[in-house]
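Here's the structure we're looking at; comments come further down.
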Protein chains: 2
Amino acid sequence: MTAQRLQEIALRFFADKGYDGTSLADIAGAIGIKKPSIYAHYSSKLDLFLAVADTALHDYRQSWRRALDKGEALPADRRLQSLFEEMGEHFLADRTKLAFWIRLWVFPPADCPAGVRDAFQTLTGEYLAEVAAVFRAGMEQGRLRPGPADDLAHALFSLLVGFLIRAHAYQDTDHLRLLRQTWDCFMFGIKTEDG
Amino acid sequence: MTAQRLQEIALRFFADKGYDGTSLADIAGAIGIKKPSIYAHYSSKLDLFLAVADTALHDYRQSWRRALDKGEALPADRRLQSLFEEMGEHFLADRTKLAFWIRLWVFPPADCPAGVRDAFQTLTGEYLAEVAAVFRAGMEQGRLRPGPADDLAHALFSLLVGFLIRAHAYQDTDHLRLLRQTWDCFMFGIKTEDG
DNA sequence: GTCTATAACAAGATAGAC
DNA sequence: GTCTATCTTGTTATAGAC
């Protein structure tokens, strides 16, 4: 199916050069067809982008849904760690996916319909609500410090986002080690007890 | 000076719509001149961008240089906190500056010379080295847990970046409260001592 | 479904008058 | 320094043959 190939290649270009920086000739050339042939599969450049974005949103939801389910039986603190590492490894494993995801969330194209941005925000809101629930469970179990669960969920999300963006910008270092180190800070703090 | 006005307006457009998404006609129109007049001040669109980027890089360096100096007399843990909050507040105070900074670092334009990206990386490298030194000092003073100072500096940087990008995407919530909450997690951890 | 050809337009950049 | 006019190139998109 050429439509599928088009999405794959378009994802690469949009992730790498951005929506405005990508021309349909680039995409067509990369899969060996001519530019007008794209219109047999997608009615416009934006239509192609929306198809790619839709796939990305589904993948995003699936990734945290699966990561949450995977650690369901764990105590809350271990579940959060599992979630953090699973999400980190998920995006680290595919840099193209990561770059597209960041671009879609942080700098969507100017003519991107508001519905897509809202869908992203809604998904993230659902994710944050789930994470906050795990925080509350951990506090009730006495395994996590008492605190504002919603804010803590946002803080953990910030940490994940920052880690991923740093990984996007620094392509060289040992990210898995840093992922665990970053998690340990969040878990145990950097301060000594007697400070 | 029209050249100065051009930089200010260009900064806004580049931050908001990106380099590729901004046309010289947009910029010219916003300050009330015509497109060709820009060429009396800058030899090309890229030349204008580089001028803006240069200013942004200086501002970036100055912000962490000043934040580091400001807390020089504090003990290491308080100094890190001061640094984190100063940097956070610095970028939160000017969303345009923040958006341009993120774009320049994470998704520079395709025709952006490698020198500019390298300059950014070098600046960040210097910053990370300074932060790592503060970590080491804190460990020697017994106020911070022993650990890999370089990795911890990166982790703290990730946290700041994630917080800022989250703030860029969610323009509504109370960011200063979340900034402090996020810091507390990093400082004291989320785990109870007896876990 | 893919192609050639072309329309319609926007963008960066230059020439030359004022 | 700013303008009008123009050039050139690149882009999205369509028409119509195969």
Side-chain angles (χ1 to χ4, degrees), chain A residues 1-56 100 103-104 107-116, chain B residues 1-56 99-100 103-104 107-117:
Chain A
M1 197 66 168
T2 313
Q4 184 60 32
R5 287 268 302 150
L6 274 169
Q7 279 200 38
E8 291 167 14
I9 299 295
L11 171 68
R12 299 192 106 79
F13 275 97
F14 289 149
D16 189 35
K17 304 171 47 164
Y19 180 77
D20 291 319
T22 299
S23 76
L24 292 177
D26 289 337
I27 298 172
I31 75 168
I33 62 174
K34 300 295 176 182
K35 187 174 48 171
S37 303
I38 293 179
Y39 289 88
H41 306 278
Y42 298 94
S43 66
S44 70
K45 183 186 181 183
L46 186 59
D47 188 43
L48 173 56
F49 175 82
L50 292 178
V52 175
D54 200 55
T55 304
F100 187 86
R103 286 196 121 112
L104 181 62
F107 301 117
D111 36 347
C112 179
V116 177
Chain B
M1 199 65 168
T2 313
Q4 184 60 31
R5 288 269 302 149
L6 274 169
Q7 278 199 38
E8 291 167 16
I9 299 294
L11 171 68
R12 299 191 106 81
F13 276 98
F14 290 149
D16 189 36
K17 304 170 50 166
Y19 181 78
D20 291 318
T22 299
S23 77
L24 292 179
D26 289 337
I27 298 172
I31 75 167
I33 61 174
K34 302 294 178 182
K35 185 173 52 167
S37 303
I38 293 179
Y39 290 87
H41 306 276
Y42 299 94
S43 66
S44 70
K45 183 185 181 184
L46 185 59
D47 188 42
L48 173 56
F49 175 82
L50 292 179
V52 176
D54 200 54
T55 304
F100 186 87
R103 285 195 123 112
L104 181 62
F107 301 116
D111 37 348
C112 179
V116 177
R117 305 184 205 199

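Residue numbering restarts at 1 for every chain, and letters A, B, ... go by the order of the sequence lines.
Protein atom CG of A/D20 is 15 Å distant from nucleotide atom P of C/dA10, rounded to whole Å. Rounded to whole Å, atom C1' of D/dG1 lies 14 Å from atom OH of B/Y42. When rounded to the nearest whole Å, the span between CD1 of B/I33 and P of C/dC18 equals 21 Å. Nucleotide D/dT11 holds its C1' atom 13 Å from the NZ atom of A/K17, rounded to whole Å. Per the geometry, CZ belonging to A/F13 stands 12 Å off P belonging to D/dT12, to the nearest Å. The separation between A/I27 atom CD1 and D/dT12 atom C1' is 12 Å, rounded to whole Å. Rounded to an integer number of Å, the gap from B/K34 NZ to C/dA15 P is 22 Å. In this structure, CZ of A/F49 is placed 17 Å from C1' of D/dT12, rounded to the nearest angstrom.
Sorted pairs that involve residues 20-39 of chain A and meet ring pair (Phe, Tyr, Trp, His ring centres under 6.0 Å), not counting sequence neighbours, are lacking altogether.
You'll find the side chain of A/L50 reaches within 4.5 Å of the side chain of A/L46, heavy atoms only. Between B/L104 and B/V52 the shortest side-chain heavy-atom distance does not fall below 4.5 Å.
If you look at A/F107 and A/Y19, their ring centroids are not closer than 6.0 Å.
Nearest-nucleotide positions on DNA chain D place B/A40 closer to the 5' end than the other of A/Y39 and B/A40.
With D/dC3, D/dT12, C/dA5 as the candidates, the nucleotide lying closest to the side chain of A/P36 is C/dA5. Listed nucleotides C/dA11, D/dC3, C/dT2 differ in distance to A/S37; the shortest reach to its side chain belongs to C/dT2. Considering only side-chain atoms of B/L24, the nucleotide from D/dT12, C/dA13, C/dT2 that sits closest is C/dA13. Comparing D/dT12, C/dA13, C/dA11 against the side chain of B/S44 picks out C/dA13 as the nearest. With D/dT11, C/dT4, C/dT2 as the choices, the nucleotide that has an atom nearest any side-chain atom of A/H41 turns out to be C/dT2. Out of C/dA13, D/dT2, C/dA5, the shortest distance to the side chain of B/K45 is found at C/dA13.
Defining each end axis of the helix from C/dG1-D/dC18 to C/dC18-D/dG1 as the rotation carrying four pairs' C1' atoms onto the next four, with five pairs an end, the two axes are found to diverge by 0° to 10 degrees.
In this structure, B/K34 and B/A28 approach most closely via the heavy-atom pair C-CB, 3.6 Å. In this structure, B/C112 and B/F49 approach most closely via the heavy-atom pair SG-CE2, 4.2 Å.
For the atom pair A/E8 CD and A/I27 CD1, the distance stands at 12.5 Å (nearest 0.5 Å).
The phosphate of C/dT2 has OP1 or OP2 within less than 4.0 Å of a side-chain N or O from A/T2.
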